[in-house]
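Counting from 1, the numbers follow the sequence of the chain as shown. Hydrogens, waters and symmetry mates are skipped; everything else that's a heavy atom, side chains included, is used.
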Amino acid sequence: MEAKTIELVQGTFKSVVPIADKAAEIFYAKLFDLDPSLKPLFKGDMKEQGKKLMTMIGTAVNGLNNLEAIVPAVQNLGRNHVGYGVKDSHYDTVGSALLYTLKTGLGDEVYTPEVNNAWTEVYTVLATTMKDAANEAEAAAPAPVVEAKPWWKFW
């Protein structure tokens, strides 16, 4: 990842921090607008969920200078999301909601096409890392145990 990409993402995220609560609100409203079937995956207080989201994004953004160091945490996140019912296709929806949130929250003067490209690249790298880890975890999971029935119960 180029230094300019990291600089753009980290620089614009600093502008998101003061509006983090509103950004989380915009994000989830857009996410559920794009795919209402995702709403049941989120249980509990959405304000608290928003804080977790912004903390997670902040951690990832701040770790971009040393991507190798955050990869294990990102992979873990992907593996954990399997248990919540997250599918590969959901990552595209989340990416769209994230980019919409940034554009809406930052405005056109800050959220330029160059900034959009930088965020798209960063999100793609992180989402791909999460999906790969999730898919590996699913592939490695033991097959469900099917209870064998005695032959006489089939008659």
Side-chain angles (χ1 to χ4, degrees), residues 1-138 140-141:
M1 192 173 306
E2 291 184 18
K4 181 68 175 172
T5 299
I6 294 170
E7 180 185 320
L8 285 169
V9 169
Q10 289 177 337
T12 52
F13 189 72
K14 286 178 184 172
S15 298
V16 174
V17 171
I19 60 163
D21 290 343
K22 183 65 179 167
E25 199 177 295
I26 293 167
F27 172 82
Y28 285 112
K30 187 62 175 178
L31 182 68
F32 300 147
D33 181 52
L34 291 170
D35 188 349
S37 74
L38 293 176
K39 197 165 190 168
L41 298 181
F42 296 88
K43 298 173 180 25
D45 181 12
M46 288 308 293
K47 268 198 173 300
E48 190 58 36
Q49 181 66 37
K51 288 181 194 300
K52 289 178 184 176
L53 171 73
M54 293 320 239
T55 299
M56 180 196 62
I57 293 172
T59 301
V61 165
N62 291 328
L64 292 175
N65 291 320
N66 187 5
L67 199 55
E68 300 78 31
I70 65 168
V71 164
V74 173
Q75 289 171 325
N76 233 15
L77 201 56
R79 286 188 286 270
N80 290 342
H81 277 74
V82 172
Y84 303 135
V86 174
K87 306 288 180 216
D88 276 3
S89 61
H90 296 153
Y91 286 91
D92 292 338
T93 309
V94 167
S96 295
L98 175 64
L99 297 178
Y100 173 85
T101 299
L102 293 165
K103 182 174 177 47
T104 302
L106 297 174
D108 290 337
E109 285 189 31
V110 174
Y111 194 77
T112 63
E114 186 179 27
V115 169
N116 179 70
N117 291 342
W119 273 97
T120 299
E121 180 181 339
V122 166
Y123 179 77
T124 301
V125 167
L126 296 174
T128 300
T129 302
M130 289 175 69
K131 286 192 286 188
D132 289 349
N135 291 331
E136 287 172 16
E138 283 184 313

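Between N62 atom CG and I57 atom CD1 the span is 11.5 Å, to the nearest 0.5 Å. The line from CG of N116 to CD of E121 is 12.0 Å long, rounded to the nearest 0.5 Å. Note that the CG atom of D92 and the CG atom of D35 stand 11.0 Å from one another [nearest 0.5 Å].
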- Message: Does V86 form a side-chain contact (heavy atoms from CB on, under 4.5 Å) with L38? I'd like the steps, not just the answer.
- Response: CA-CA 9 Å; V86 174; L38 293 176; over 6 Å; no
- Task: Before giving the answer on side-chain contact (heavy atoms from CB on, under 4.5 Å), spell out for Y123 and Y91 the whole-Å C-alpha distance, their side-chain angles and the decisive distance to 0.1 Å.
- Result: CA-CA 9 Å; Y123 179 77; Y91 286 91; 3.8 Å; yes
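Counting only residues at least two apart or in different chains, ring-ring contact (aromatic ring centres under 6.0 Å, His included) contacts with residues 45-80 are absent. Evaluation of the ring-ring contact (aromatic ring centres under 6.0 Å, His included) test over residues 45-75, restricted to residues two or more places apart or in two chains, returns none. Listed by first and then second residue, the ring-ring contact (aromatic ring centres under 6.0 Å, His included) pairs that reach into residues 96-115 come to none, sequence neighbours excluded.
Annotation: side-chain contact (heavy atoms from CB on, under 4.5 Å) contacts of K87 (sequence neighbours excluded): S89, H90. D45 is linked by a salt bridge (Lys or Arg N to Asp or Glu O under 4.0 Å) to nothing, counting only residues two or more places apart in sequence or in another chain. Take D132 and apply the side-chain contact (heavy atoms from CB on, under 4.5 Å) test, not counting sequence neighbours, and it matches T128. Take T112 and apply the side-chain contact (heavy atoms from CB on, under 4.5 Å) test, not counting sequence neighbours, and it matches E114, V115. The side-chain contact (heavy atoms from CB on, under 4.5 Å) test applied to T59 returns T55, not counting sequence neighbours. Remark: K131 pairs with no residue by the salt bridge (Lys or Arg N to Asp or Glu O under 4.0 Å) rule, at least two apart or across chains.
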Review item, side-chain donor-acceptor pairs of residues 20-33, under 3.5 Å, at least two apart:
| unit_1 | atom_1 | unit_2 | atom_2 | d |
| --- | --- | --- | --- | --- |
| K22 | NZ | E25 | OE2 | 3.3 |
| Y28 | OH | Q49 | NE2 | 3.3 |

Distance-only donor-acceptor hits, side chain of residues 7-17, under 3.5 Å, sequence neighbours excluded:
| unit_1 | atom_1 | unit_2 | atom_2 | d |
| --- | --- | --- | --- | --- |
| Q10 | NE2 | V61 | O | 2.9 |
| T12 | OG1 | L8 | O | 2.8 |
| T12 | OG1 | V9 | O | 3.2 |
| T12 | OG1 | W119 | NE1 | 2.8 |

Report all side-chain donor-acceptor pairs from residues 74-82 shorter than 3.5 Å, counting only partners two or more places apart or in another chain.
| unit_1 | atom_1 | unit_2 | atom_2 | d |
| --- | --- | --- | --- | --- |
| N76 | OD1 | R79 | NH2 | 3.3 |
| N80 | ND2 | N76 | O | 3.4 |
| H81 | ND1 | L77 | O | 2.6 |

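For the residue pair P40 and P36, the shortest heavy atom distance occurs at CD-O, 3.8 Å. Of all non-hydrogen atoms in S96 and L34, the two that sit nearest each other are CB-CD1, 3.8 Å. The two residues A60 and L126 make their nearest non-hydrogen contact at CB-CD1, 3.9 Å.
Counting only distance, with no hydrogens or angles, the side chain of T5 and the backbone of M1 share no donor-acceptor pair below 3.5 Å.
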